Number of protein chains: 2
Amino acid sequence: MVRTARFSSDDFLDAAMALVAEGGPTAATMQAIARRVGAPTGSIYHRFDSRSAVLGAAWNAAYASFVAALAPFLLGGHPREAALAILPWCGENERRARFLLLHEPVALFEDSPPPAPLRLALERLEDEFDAAFRACVTACGDGAAREEDLARARFLIFDGPIAILRPYLVQGGALPPFVGRMIAELHAGMPLVAGQGTPAAAAA
Amino acid sequence: MVRTARFSSDDFLDAAMALVAEGGPTAATMQAIARRVGAPTGSIYHRFDSRSAVLGAAWNAAYASFVAALAPFLLGGHPREAALAILPWCGENERRARFLLLHEPVALFEDSPPPAPLRLALERLEDEFDAAFRACVTACGDGAAREEDLARARFLIFDGPIAILRPYLVQGGALPPFVGRMIAELHAGMPLVAGQGTPAAAAA
DNA sequence: CACATATTAGAATGCACTGTCTACTTGGCC
DNA sequence: GGCCAAGTAGACAGTGCATTCTAATATGTG
């Protein structure tokens, strides 16, 4: 090292995430990222091979943070707590949340997929998340994690809560207090494992 | 009329929808739309003012079809039937479903919003859909449609079922049989109006 | 104080896309 | 059969983007 760097990789990743969060995938042009950081466009290429490398790295970072927030609860067999953990994560990572949860990856990567190493890293993250779901389902059920049970778990813990939050993520600002209640009710009313009967009915 | 048209407006709309459904918003370039129809790019501008006019018209058409499929059940006060009506609609409109339900409008229209008449038409459709939701909530509840109840209805009837379907819409092909069951359970377990108690608990 | 080199700097290149413009073609009608 | 407007045809200009290239610059080390 002979010259101190003015711009770090993270500077560019943060800028890219913020731009996507604020204006959608096409707002994150290389020139916009550079402008936001205060660097010339060429400097980005000193850190990243291409635009898809920037977006891919940003995606992986956000995804990793999200998985890290939920995995402990899943591995401990607590689906409800995992679902509710999304709320504080969104509160502490509003930018990441809007980036990760409001945009289909297809819209980000359709034009050119990220380079192979990033793709592999993402696959590993997805496998990790998937394994956590399976662990949660087997811990809560009778041992066999069928296709339907996994779909149910993904809905109860991930897609459902995200669907509840999405309108408020879109409009920005704090989440209304009743979203936590809705997520809790979702878990109270719908069984994690098919055929277990609803928890509510079991309690009655 | 002196010359018969070779290409209709609908030809271009269908092509645009198909391209977005298959490859995301940026796949629907004017050149790609023209190529798919077999027309020169200039011909599209004979029917539409701009690219956003094409995408906006396609969006409105898909949205109108969707609303028309659900509104009767909502106005009749049958939230469960409305949610389940999404399934046959997706089966009969796979292309429209992927176009409408898999892409945030922001990704389609962020670069340039559709012309005013289309924006107004869309607002009218959204108001119509919204009014149907309100009607359903008031029909099922005690008369007052609070903010939270409306959010709950939107989740139970629209966002929740879509979240259940999304993985299968993404991968394409027929929907697995258990998605209907999951939607039904969602309605059985979670009350449409807050504080009514779960239908399951009430039945027990 | 010079050297080596990581890094900045930003102009230049090439490409793909939108929207325009002009010429050509079709086909019902007088 | 010729007329004429709706419509096709596709080249073209303008724009904005990702990426490249060359030159300049800073700074820890010897």
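The shown structure was predicted, so the numbers you read here are calculated from the model rather than taken from an experiment. Just so it is clear: chains get the letters A, B, ... in the order the sequence lines come, proteins before strands, and each one is counted from 1.
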To the nearest angstrom, the CZ-C1' distance between F7(A) and dA6(C) comes to 14 Å
R47(A) atom CZ is separated from dA18(D) atom C1', nearest whole Å, by 19 Å
Can you work out whether A5(B) or T41(B) has the more 5'-proximal nearest nucleotide on DNA chain D? A5(B)
Take R124(A) and D127(A) through the salt bridge (charged side-chain N to carboxylate O under 4.0 Å, His left out) test and state the conclusion after the steps. CA-CA 5 Å; R124(A) 271 198 301 273; D127(A) 288 348; over 6 Å; no
Side-chain N or O of R3(A) less than 4.0 angstrom from OP1 or OP2 on dA24(D)? no
On the nucleotide dA26(D), are OP1 or OP2 found under 4.0 Å from the side-chain N or O atoms that T4(A) carries? no
Measure from OH on Y45(B) to P on dG10(D) and round the result to the nearest Å. 17 Å
Thinking salt bridges, do E22(B) and R36(B) make one under a 4.0 Å N-O criterion? yes
Whether E104(A) and R166(B) form a salt bridge (side-chain N of Lys/Arg under 4.0 Å from carboxylate O of Asp/Glu) is what I want to check. yes
Once you round it to whole Å, what is the distance between C1' of dA16(C) and CZ of R51(B)? 12 Å
Under 4.0 Å between a side-chain N or O of R6(A) and OP1 or OP2 of dT8(C)? no
From the options dA18(D), dT18(C), dA9(C), select the nucleotide whose nearest atom is closest to the side chain of Q31(B). dT18(C)
Whole angstroms only, please: what is the CG-C1' distance between D111(B) and dC17(D)? 12 Å
Can you tell me the distance, in whole Å, between the NE2 atom of H46(A) and the P atom of dA23(D)? 18 Å
Steps toward salt bridge (charged side-chain N to carboxylate O under 4.0 Å, His left out) verdict (D10(A), R47(A)): CA-CA 10 Å; D10(A) 279 347; R47(A) 308 274 176 195; over 6 Å; no
Gap between atoms CZ and P, on R35(B) and dC17(C) respectively (whole Å): 7 Å
Measure CG/L19(A) against C1'/dA18(D) and give the value in whole Å, please. 16 Å
